[in-house]
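Proteins come first, then strands; the chains are lettered A, B, ... in the order of their sequence lines, and each starts at number 1. Just so it is clear, the values below take in all heavy atoms, side chains as well, and ignore hydrogens, waters and symmetry mates.
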Amino acid sequence: MELLQFTPAELAALLLSIKVALWCMVATCIPGIFIGWLLARKSFFGKSLLESIVHLPLVLPPVVPGYLLLILLGNQGILGKWLHQSLGITVAFTWVGAVIASAVMAMPLMVRAVRLAVIQVDSGLEAAARTLGASSLRVFFSVTLPLSAPGIITGLILAFSRSLGEFGATITFVGNIEGETRTLPLAIYTYTQTPGGDVQALRLVILSVALALAALFASELMERRALRLLGNKAGRD
Amino acid sequence: MELLQFTPAELAALLLSIKVALWCMVATCIPGIFIGWLLARKSFFGKSLLESIVHLPLVLPPVVPGYLLLILLGNQGILGKWLHQSLGITVAFTWVGAVIASAVMAMPLMVRAVRLAVIQVDSGLEAAARTLGASSLRVFFSVTLPLSAPGIITGLILAFSRSLGEFGATITFVGNIEGETRTLPLAIYTYTQTPGGDVQALRLVILSVALALAALFASELMERRALRLLGNKAGRD
Amino acid sequence: SSPAHAEQKVTVYAAASLTNAIGDIAAQYEKAKGVKVVSSFAASSALAKQIENGAPADVFISADSKWMNYLQDKNKLDKASRHDLLGNHLVLIAPKGQSFKVEMDKSFDFAKAFDGKLCTGDLESVPAGIYAKQSLTALGWWNAIKSRIVGTQDVRASLAFVERGECAAGIVYQTDAKVSSKSDTVAAFPDTSHDPIVYPVAAVAGSQDTAKDFIEYLASPEASAIFSRYGFSLAGH
Amino acid sequence: MLEPMIELDIALDRGSFKLQAALTLEQSTAGTVAGLFGPSGSGKSTLLGILAGTIKPDRGRIVVNGRCLLDTARGVDIPIHQRRVGLVFQDSKLFPHLTVKGNLQYGFKLLAEADQRFGFDQIVNLLELEPLLQHRPSQLSGGEKQRVALGRALLASPGLLLLDEPLASLDERLKQQILPFLRRVKEQLGVPMIYVSHNINEILDLTQQLAVIDHGTILAHGDFHDMLTSDKLLSLANSLGPDNALSVELTGKSEELGYCIASNGDNVLFLPYTEAPVGARFSVVIPASNIALSRKKISGISIQNQIPGTVSAIRIVNHRALVTVDAGSMLIAEITAKALHDLKIKIHDPVYCLIKTQAIRYFGKGD
Amino acid sequence: MLEPMIELDIALDRGSFKLQAALTLEQSTAGTVAGLFGPSGSGKSTLLGILAGTIKPDRGRIVVNGRCLLDTARGVDIPIHQRRVGLVFQDSKLFPHLTVKGNLQYGFKLLAEADQRFGFDQIVNLLELEPLLQHRPSQLSGGEKQRVALGRALLASPGLLLLDEPLASLDERLKQQILPFLRRVKEQLGVPMIYVSHNINEILDLTQQLAVIDHGTILAHGDFHDMLTSDKLLSLANSLGPDNALSVELTGKSEELGYCIASNGDNVLFLPYTEAPVGARFSVVIPASNIALSRKKISGISIQNQIPGTVSAIRIVNHRALVTVDAGSMLIAEITAKALHDLKIKIHDPVYCLIKTQAIRYFGKGD
Ligand SMILES: Nc1ncnc2c1ncn2[C@@H]1O[C@H](COP(=O)(O)OP(=O)(O)OP(=O)(O)O)[C@@H](O)[C@H]1O
Ligand SMILES: Nc1ncnc2c1ncn2[C@@H]1O[C@H](COP(=O)(O)OP(=O)(O)OP(=O)(O)O)[C@@H](O)[C@H]1O
Ligand SMILES: [Mg+2]
Ligand SMILES: [Mg+2]
């Protein structure tokens, strides 16, 4: 089908999207799990503040977090300048910046999913592990973490999906540079802004959807496995 | 502080945002719970398809679902025409359309949260309820639903937040009409499009954040209550 | 058409960059004529597609001819009422105090004139970006500079990039450059190097009589004064 | 004989565990309770789950009181909630979001008033749940959870009640309070029950009708007394120790003097006092360690039962002598090897079996 | 006397339930096991939780083997995993994401080899878990879960082992297999334990050192034998029935004839055979229903113990006569009213208490 003969530029956008979305998962994973756990299990000063900050990207139009990232991490930004000058790292206008933008946007989803899952872990099991001589750290890794696996997987798939669809923050923070930051959504947006670009946009939409389906399918398999390990019925059929 | 003296138009945008976000919660609630439950507990033909469709809005740049809604529900749209002519209902270009747009965008979040929570409900408790003479429907309402309350609350707060921040699909589907569809994110956008509008945009950002915090706080209270009812430790402190 | 049972009103769909100008004119018009003006500001593409799908617009003001042509091709406009309303000019800007020397000449080595990125609207979809590409090509600078170009969602974002020093140079409309206190205008592109920059206006097919009245009012001295105040020039002036 | 209470023939393969159970439990006029007895992991809970419908067998047929609940061959599978089979789960399965009161009322409230066989307060008082009504399950002790689970199932007034070790974590006092109540439920309300316990005495307090299961197979079922002689029942015997069971008929009683008289063949036995009417037939159990032997009849002793017989076998196990005496029925007496030696008891010797009245336990009927 | 194994003084207020427990449990040379006994909801599990650290008391002090685990006054609170207090939870609390093997190895693997007191295979064999090693907890029966939980705690080789009804849902055979093992754990490995059970016999199989708790208060603690005379212990007596406990010293034994001789004051008792050495002191329990009375000494009978004494009290309860005999120690015999009447037993009459050797149970030491 002609509809599916993609130009090199489109394939580049596809590959870039995959790269960014995978790194977005990686980037949200550890902080997401940590913050989710913290919010589920600990009381500390500034908890509400932390929770609010994590959720902000969800609440604001994506342009705003994008703009804030620019102020913070742009080459002239407070942190970005330092990163650039001391470490030689540039995030603005690079694919790394795109990863950061989508990670920030995905973080609330990841954190909420993990938090929900951790809350539902029976804290009696953690206590049991401790009576068997496991330190808090070990309990976290050997009990809490595996038992919240379904939540972590949900969080990661949401992060991946969000990254695939992230547009506003990305274009605001790193712009639309072909081959560097033009992910699928940016490419799709470009086509929708051109009269008669609908067909091309549709091609890319199909591509996006296929990618998302593959990710969804993979996550389903992982989740079923995790659930089976937990002895949950939903893991069986 | 002068920064916080809002114009009537800004207050209108605030009120509209609240209205839209609340209705978005209402609109996602029942289908979100139903689909989440379905995906968690049932196997049926077309399950993957349903799951994919629900997730699409997350995966695509918001313009695309917005555009699809326009094609479907616009006054000339397939469904919109019928709605308009037979029932006299217009959703495109009205605040109802804004609700639909953000509900569609929020649906994957709601569904995922509910699905995660339902999966973690001990199906043995449902079996116990049935041995006590409760029909499937009653079991759902009296056992499954209350036990997945934390997930439902998480889903609702995500839906509310997403609605507060929804921009792309809304402006594409229902436009940016003051008093009708100009929610906070659209108002913020409008200001960023005007030279010198940054300060005004910032004021609205602050407003958005305050609103989101209030919602977050309310959800926290609800959740804690739900958890306490479930005898979960996290509900206590 | 039937003022008997409805308050007289006119619905104006205008490119987002006209937010302030149209807002002020509308206020005056309401006072003068007692006709309520409802406006929706978004990207020209979004507005055009909404009108195509039956949006209740009476007047459409586009930021370029393309989307006006798009609607005209679909017979959605009152052809007779269409004319170019406003004009603008394309300028090169730099962050405040970091101006550099440029000659608008084919022999000038533009790529060497500054270090860093050049921001402008997305080259394929945002009108300013399209004009910029035309000019750069006409001046023979395109090949040398194209890898350093950052496309943005709209001109306002380009301006922000430059104002923050993220981009060493930007190509924006004169109207934007004029009101920016944090950037310097380096040079203006010759109007001959790109298609004429015009904001066409037209009444939407089937619109009420008030539409034509409002379009007429846009040409009045009162309206012109407001447009000038925001840096626009009337087309043909 | 009435129609069977339960007819069951099912098969379930869970890989390492295969359940293959065929069972017919008879109805009796005095109310039908069947004990299900078997070692840990033998399939008792699984069997109850299949009866209640919470576990689906691979194939099989279940008929309860003439109503077919499951027949995989005919595609019959009555939904759980229409089976009216109550199940007290081994791990209680209380609803964590409801208070104790909410849990107790869950099934109760679904009933029409006419179908409520117990009063709410009646159950609450019996199980001593009054102070806990507002508690949540997470705030209950192990035994409290078990009581609530039992109460919840009773209040749902099921047509068949399945009890999975309902008293396992209760203290003796509560057991002694609840068991007689269950007996009344069986006798007065006629609710048939299947009672799973690893404690044979608990079962025998309620019934003599028993099924023994091991490794997923029903080894035997029927009357406990008949079963004792079956030599398939090693696992049962293992846990019972060498006890004697006798079938007796009540022939007289004296409430004042606290005893009953019963006949067992030609022998007359003095039993602890019971409310049962004269003429009733039932079984009694006499632990072998509570039977003493003597060469002659003895007077001036509180031991009321002195049953003459002939030594038919002597076995020495672990320093203990098991002497089998043919006294009409076969009785096993457990004495020390020293006593055997002192009395010079040999096979074919005539002896008297001395049994204290108070050391005799009732089966099925109790005080 | 050695230093106390456990000193405990804690308070916890949970609204309707208040725990206020002070307790000192002594160490003994034969290994230290303390039984914790009390009715459902009395606070046993709560007390264990506080010792293990999984429940925080409002205030109090806990010293185990001279090590202060908690002292709210001084701000001491040793983290749970450093307490080295193993807890077998009443509801097993197995890790659902690990196999049985993974559960068993959880604490085991954290230990240096030198600290591993048990071999993995040893525990697996004892608890008959071999066929279940690859199962997940959700695939286990109730009793199987309990065994895994017990094995998991044992394999973690704790310095103090808390057992919360570890055998409640096990059948008699497994009980009889695990109890002697626990006795060996106590005697040979010297792991101190606190053993919670609602079954006093299970406790007495392991130890005579007992604490009785009711409504969150320790009613009494110390030696079971001493405690029986305390009249605070209504709840205890309630569940025990009228049993007799005697302190005895082993004076002789014959393996061949399957008996031991022991002295209790001036009386000589014949007991079932035991491995314990001559000279050992311990207690035996004789159920009141197993003591017969006679007017004179009787010969030609298998009953070996005929202890003379004087009737000091007679009570009639529920058709049963409880006759207290002063025979050096006080013994209670339960006979029928008819036997009382037939023998015309009155207060101050001389009688013999007839006790079958095999009807005598050991405390703390078993066969
Ligand atoms: N979901 C399952 N999957 C596979 N095997 C299971 C499952 N549930 C139980 N089993 C196995 O089935 C057997 C029977 O279990 P069941 O719970 O019926 O035993 P039980 O007789 O009730 O034992 P207990 O007295 O210990 O409660 C056990 O060997 C157990 O390991
Ligand atoms: N989390 C809690 N919050 C409030 N009360 C509780 C909580 N947990 C237990 N209780 C109450 O504390 C009392 C003691 O409970 P505990 O579990 O210690 O009893 P137990 O002696 O172990 O009883 P059982 O033999 O039934 O297991 C009970 O009355 C119970 O209702
Ligand atoms: Mg079981
Ligand atoms: Mg307990």
Side-chain angles (χ1 to χ4, degrees), chain B residues 33 36-37 40-44 113-114 116-156 219-237, chain D residues 45 48-56 69 78-100 102-112 115-116 135-140 145 148-149 151-164:
Chain B
I33 290 173
W37 171 81
R41 281 287 150 88
K42 299 282 158 187
S43 318
F44 52 92
V114 173
L116 179 58
V118 171
I119 276 184
Q120 300 196 348
V121 169
D122 177 2
S123 52
L125 293 175
E126 296 170 328
R130 302 205 66 195
T131 66
L132 293 167
S135 64
S136 305
L137 198 71
R138 184 179 291 272
V139 170
F140 176 75
F141 282 105
S142 62
V143 178
T144 320
L145 206 58
L147 288 178
S148 31
I152 294 172
I153 294 170
T154 289
L156 289 178
S219 81
E220 212 86 322
L221 289 185
M222 285 204 305
E223 190 191 58
R224 200 163 290 175
R225 201 158 157 253
L227 286 173
R228 206 170 30 235
L229 290 188
L230 298 185
N232 188 302
K233 273 202 179 154
R236 274 182 219 144
D237 43 22
Chain D
S45 301
L48 294 198
I50 289 174
L51 273 167
T54 61
I55 299 175
K56 297 273 163 254
L69 297 185
I78 307 284
I80 305 176
H81 68 285
Q82 287 168 6
R83 294 193 176 194
R84 306 217 34 74
V85 173
L87 174 54
V88 179
F89 291 82
Q90 197 170 8
D91 52 351
S92 74
K93 293 278 178 219
L94 299 182
F95 303 125
H97 60 299
L98 300 179
T99 58
V100 166
N103 270 280
L104 290 172
Q105 288 185 332
Y106 190 91
F108 188 63
K109 277 194 170 170
L110 297 178
L111 295 174
D115 294 337
Q116 296 175 352
H135 282 42
R136 308 228 155 239
S138 61
Q139 302 173 327
L140 298 181
K145 280 185 193 149
V148 177
R152 184 176 70 170
L154 284 169
L155 281 168
S157 304
L160 167 66
L161 188 57
L162 309 177
L163 303 157
D164 199 349

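- Proximity of L98(D) to S142(B): side-chain heavy atoms (C-beta onward) are nowhere separated by under 4.5 Å.
- Here the straight-line distance linking atom CG of D122(B) with atom NZ of K93(D) works out to 3.5 Å at 0.5 Å rounding.
- Here the straight-line distance linking atom CG of L111(D) with atom CG of L132(B) works out to 9.5 Å at 0.5 Å rounding.
- Minimum interatomic distance between A127(B) and T54(D) (heavy atoms only, all atoms of both residues): CB-CG2, 3.7 Å.
- Interface remark: A129(B) contributes backbone and side-chain atoms alike to the contact with chain D (heavy atom separation under 4.5 Å).
- The nearest pair of heavy atoms linking P96(D) to L147(B) is CG-CD2, 3.6 Å.
- Residue contact with chain B, scored on non-hydrogen atoms closer than 4.5 Å, is absent for L155(D).
- Side-chain contact between F89(D) and L125(B): absent, with no pair of heavy atoms (C-beta onward) separated by less than 4.5 Å.
- Here Q82(D) contributes atom CD and S135(B) contributes atom OG; the two are 9.0 Å apart, rounded to the nearest 0.5 Å.
- Rounding to the nearest 0.5 Å places CG of L227(B) at 13.5 Å from NE2 of H97(D).
- Within the 4.5 Å cutoff, no side-chain heavy atoms of V85(D) are placed close to those of T131(B).
- Taken from CZ in R138(B) to OH in Y106(D), the straight-line distance is 7.0 Å, to the nearest 0.5 Å.
- Between A128(B) and R152(D) the shortest heavy-atom distance is CB-NH2, 3.9 Å.
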